[in-house]
There are 2 protein chains.
Amino acid sequence: MPDTTEQSAPRAKRPTRAQRREEILAAATRVFGSKGYHQGSLVDVAAQVGITHAGVLHHFGSKDKLLWEVLEYRDRVDVQDLEGQHIPGGMDLFRHLVTTARQNAGRRGIVQAYAVLTGESVTDGHPASTWVAERFAVLRGEISQAVRELADERSVTLPEGEPERAAAAVIAVMDGLQLQWLLDPEAVDLAAATGFAIESILTATLGSTVRITNP
Amino acid sequence: MPDTTEQSAPRAKRPTRAQRREEILAAATRVFGSKGYHQGSLVDVAAQVGITHAGVLHHFGSKDKLLWEVLEYRDRVDVQDLEGQHIPGGMDLFRHLVTTARQNAGRRGIVQAYAVLTGESVTDGHPASTWVAERFAVLRGEISQAVRELADERSVTLPEGEPERAAAAVIAVMDGLQLQWLLDPEAVDLAAATGFAIESILTATLGSTVRITNP
DNA sequence: CCACACTTACTTACTGGTTAGTAAGCCCGC
DNA sequence: GCGGGCTTACTAACCAGTAAGTAAGTGTGG
């Protein structure tokens with residue numbers, strides 16, 4: 001017997017299409033994050049929203065498309081968090097990276113989702129592989145640009161390919177630390193280790209001590 | 001009609017139990033490497049050896065046990081490659097790490113298997129998670145010890161927790177670079193970037209320039 | 001040296017479970 | 001009253017694991 005007296009809640013009625021899609025995307029992020037894409041099923045996702053898996057397919061057509069929208073959704077949320085709505089450059093970028101690491105230590109789910117999908121994406125023909133590869137490429141571009149800016153500020157001439165090498169190393173250390181932290185949070189201080197590693201790489205690249213001050 | 005004249009070849013007859021198990025382990029490494037553990041099926045593994053999936057289960061009992069043996073097999077092969085049969089310490093360890101990275105650039109399959117399984121292992125209740133976590137713990141122990149040795153050699157006193165932080169960063173950067181390299185081999189020079197990053201971290205930790213000379 | 005007993009290495013066939021995706025229809029709210 | 005949101009019901013594929021049978025090898029007693 002459904003309770004029809006329920007009407008004080010703002011929307012016990014029916015969620016709009018946009019609301020439902022958002023709910024499903026959030027649920028899918030959790031499911032793909034905790035179980036991976038292949039092991040996480042549409043039934044799992046649907047259950048979290050309180051519908052059947054066919055309902056999910058009604059909104060997204062296929063599991064692959066759902067994954068795609070989850071990834072775009074994550075990007076959108078990330079950009080939203082960035083109040084300025086634009087990616088900072090120079091030293092601000094590295095400050096932002098360390099800040100993100102500190103925030104990440106408090107939201108295991110997101111970190112797990114990212115780690116699982118990234119790992120899975122190196123399998124042959126994985127639907128997320130191009131997304132992850134492009135993401136890496138964009139990040140390398142932004143970070144190497146920031147490294148060049150810092151070098152210019154300090155009038156340092158860098159060897160050919162050095163900014164790119166440093167950028168790849170910075171991204172690598174962040175991802176790798178997340179893996180270790182997920183498997184053993186006691187053993188790794190995510191924020192501290194990330195800050196330390198990025199400072200190390202920048203110091204070695206620029207030839208003089210670099211400190212990333214807390215904003 | 002089987003050719004009984006064939007006897008110059010050591011075994012056209014029937015492979016021994018040990019031989020078959022080895023074949024299956026190699027096949028499973030390839031399959032789990034290219035498809036992941038969950039997506040890679042026993043049928044896939046069996047097909048590569050030319051038997052049925054029940055034959056695989058005859059030798060290994062269950063898929064979980066097969067994975068376990070694959071991981072131990074990988075360890076065994078790695079140790080075999082190390083001619084001294086023992087893990088080096090001090091600067092030799094870091095030389096060994098860079099050498100490994102250089103070798104890895106020529107064996108994509110192994111790197112892929114490691115990356116996929118590590119990523120998958122952070123999912124809830126994954127059969128490989130304890131193995132990966134322990135592997136990380138052991139590596140952190142060995143590398144932080146090597147860092148302490150280098151510090152002693154140079155009469156440097158390190159802050160509390162610094163060797164562990166450096167060790168985690170070194171492992172992280174190796175894993176992270178592998179991911180980027182797998183997704184875009186053109187964009188990342190695995191050996192060069194690994195050497196650069198490790199040198200950076202050691203230099204920052206020890207306070208003086210560290211170079212890892214080619215053996 | 002060979003027959004008989006036994007073991008090993010599988011295969012075939014099946015079970016129970018889970019999966020993504022499809023089709024058709026119901027029902028609520030505008 | 002009708003259309004979008006959803007369910008129920010289904011399919012076809014695939015999965016790990018089990019059971020039972022078979023052929024080929026191995027060891028042994030005579």
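Just so it is clear, the structure is predicted and the values come from calculations on it, not from any experiment. Chain letters run A, B, ... following the sequence lines, proteins first, then strands; residues in each count from 1.
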>> Whole angstroms only, please: what is the CZ-P distance between B:F60 and D:dT18?
In response: 16 Å
> Under a 3.5 Å cut-off on both pairing distances, which runs of 3 or more consecutive Watson-Crick or G-U pairs involve DNA chain D?
Replying inline: C:1-30 with D:1-30
> Using 4.0 Å as the upper bound for N to carboxylate O, is an ion pair formed by B:D44 and B:K35?
Replying inline: yes
> A:T52 side chain N/O closer than 4.0 Å to the phosphate oxygens (OP1, OP2) of D:dC6?
Replying inline: no
> Hey, are the side chains of B:R148 and B:E164 touching, using non-hydrogen atoms and a 4.5 Å cut-off?
Replying inline: yes
> Among all residues two or more places apart in sequence or in another chain, which pass the side-chain contact (heavy atoms from CB on, under 4.5 Å) test with B:H53?
Replying inline: B:L42, B:V43, B:A46, B:L57
> D:dG17, D:dC6, C:dT22: which one has an atom nearest the side-chain heavy atoms of B:L57?
Replying inline: D:dG17
> Among D:dC6, D:dT18, C:dA23, which nucleotide sits nearest the side chain of A:A54?
Replying inline: C:dA23
>> Can you tell me if A:R20 touches the phosphate of D:dG4, counting only side-chain N or O atoms and a distance under 4.0 Å to OP1 or OP2?
In response: no
>> So, using side-chain hydrogen bond (donor to acceptor under 3.5 Å, both in side chains) as the criterion, who are the partners of B:Q178 when residues are at least two apart?
In response: none
> Reckon B:R17 has a side-chain N or O less than 4.0 Å from the OP1 or OP2 of C:dA9?
Replying inline: yes
>> Strictly below 4.0 Å: does A:H58 bring a side-chain N or O up to OP1 or OP2 of D:dG5?
In response: yes
> Does B:H53 make a side-chain N or O approach to OP1 or OP2 of D:dA16 shorter than 4.0 Å?
Replying inline: no
> Excluding sequence neighbours, so at least two apart, what forms side-chain contact (heavy atoms from CB on, under 4.5 Å) with A:V122?
Replying inline: B:Q112, B:A115, B:V116, B:L179, B:L182, B:L183
>> Could you work out, with side-chain contact (heavy atoms from CB on, under 4.5 Å) as the rule, every residue matching B:S200, not counting sequence neighbours?
In response: A:I201, A:A204, B:F196
Strictly under 3.5 Å: I want the nitrogen or oxygen pairs between protein and nucleotides 11-15 of chain D, one per line.
from: D:dC15; atom 1: OP1; to: B:S41; atom 2: OG; distance (Å): 3.4

>> Rounded to whole Å, please give me the gap between CD1 in B:I51 and C1' in D:dT22.
In response: 16 Å
> Can A:K63 be said to sit on top of A:Y37's aromatic six-ring, NZ or CZ under 6.0 Å from centre and within 45° of the ring axis?
Replying inline: yes
> To the nearest angstrom, how far is B:R21 atom CZ from C:dC10 atom C1'?
Replying inline: 15 Å
> Atom NZ of A:K65 and atom P of C:dA20: how far apart are they, to the nearest Å?
Replying inline: 15 Å
> Only one of B:R74, B:R21, B:R76 clears salt bridge (Lys or Arg N to Asp or Glu O under 4.0 Å) with B:E69; which?
Replying inline: B:R21
> What is the distance from NE2 of B:H59 to P of C:dT8, rounded to the nearest Å?
Replying inline: 12 Å
> Which whole-number value in Å describes the distance from B:Q19 CD to D:dG25 P?
Replying inline: 14 Å
>> If you define the side chain from C-beta out and look only at heavy atoms, does anything of A:R140 sit under 4.5 Å from B:Q180?
In response: yes
> Where the side chain of B:S62 is concerned, which of D:dG17, D:dA9, C:dT11 is the nearest nucleotide?
Replying inline: D:dG17
